[in-house]
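Notes to accompany the following structure.
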Amino acid sequence: MTVTYDMLHDASGYTPYEGLKLKGWPIMTLSRGRIAVENNQLNIERGTGEFLARTASEAARPGGVLEPEMDQARNFGADLMPEIQNGR
């Protein structure tokens, strides 16, 4: 299956996954116990979802380890991002 924007049920106007080839695709999506999408058919009214603000989990936070290209000790002293290098 190849992802196209037309097959999605959102109002963003684009998908960064356009053209991505997949080996599988969900046949059903649930929202608060209701069948939201089944067999690519939207079964609930648009806008019935609710945004839940969240902070990034600890796993998503920077670990303090720089990529070799950004580490002055390993990139011939280039000061590419001083705010990160100085822990700010």
Side-chain angles (χ1 to χ4, degrees):
M1 167 159 288
T2 302
V3 177
T4 65
Y5 175 72
D6 298 339
M7 64 196 309
L8 304 178
H9 299 284
D10 62 22
S12 67
Y14 79 102
T15 177
Y17 304 108
E18 184 84 33
L20 182 69
K21 294 185 187 311
L22 304 174
K23 290 185 179 183
W25 188 255
I27 59 170
M28 183 183 299
T29 304
L30 301 176
S31 174
R32 297 181 177 174
R34 298 175 297 168
I35 298 174
V37 179
E38 185 173 25
N39 298 320
N40 292 329
Q41 281 295 113
L42 184 64
N43 296 323
I44 60 174
E45 187 178 331
R46 290 184 181 272
T48 58
E50 181 180 340
F51 176 75
L52 300 174
R54 298 284 188 260
T55 58
S57 74
E58 193 61 38
R61 294 198 176 105
V65 178
L66 296 173
E67 292 295 321
E69 295 82 7
M70 304 306 288
D71 186 354
Q72 282 184 309
R74 297 166 68 185
N75 73 359
F76 305 103
D79 191 12
L80 301 174
M81 299 181 72
E83 65 277 0
I84 291 176
Q85 299 278 344
N86 297 325
R88 287 183 265 146

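Keep in mind that what you see is a predicted model, and the values were worked out from it rather than measured.
- Separation of atoms CD1 (Ile35) and CD (Gln41) is listed at 13.0 Å; rounding is to 0.5 Å.
- One finds the OG1 atom of Thr29 at 9.0 Å from the CG atom of Asn40 (value rounded to the nearest 0.5 Å).
- Side chain of Tyr5 to main chain of Glu18: no donor-acceptor pair is present (N/O by atom type, distance under 3.5 Å, no hydrogens or angles).
- Shown are Arg34, Met28, Arg32; of these, the side-chain contact (heavy atoms from CB on, under 4.5 Å) with Leu30 is made only by Met28.
- With values rounded to the nearest 0.5 angstrom, Leu20 atom CG is found 8.0 Å from Thr2 atom OG1.
- One finds the CG atom of Leu8 at 11.5 Å from the OH atom of Tyr14 (value rounded to the nearest 0.5 Å).
- If you chain together hydrophobic residues whose side chains sit under 4.5 Å apart, Ile27 and Trp25 never meet in one group.
- In terms of heavy atoms, Ser31 sits closest to Ile44 at CB-CD1, 4.4 Å.
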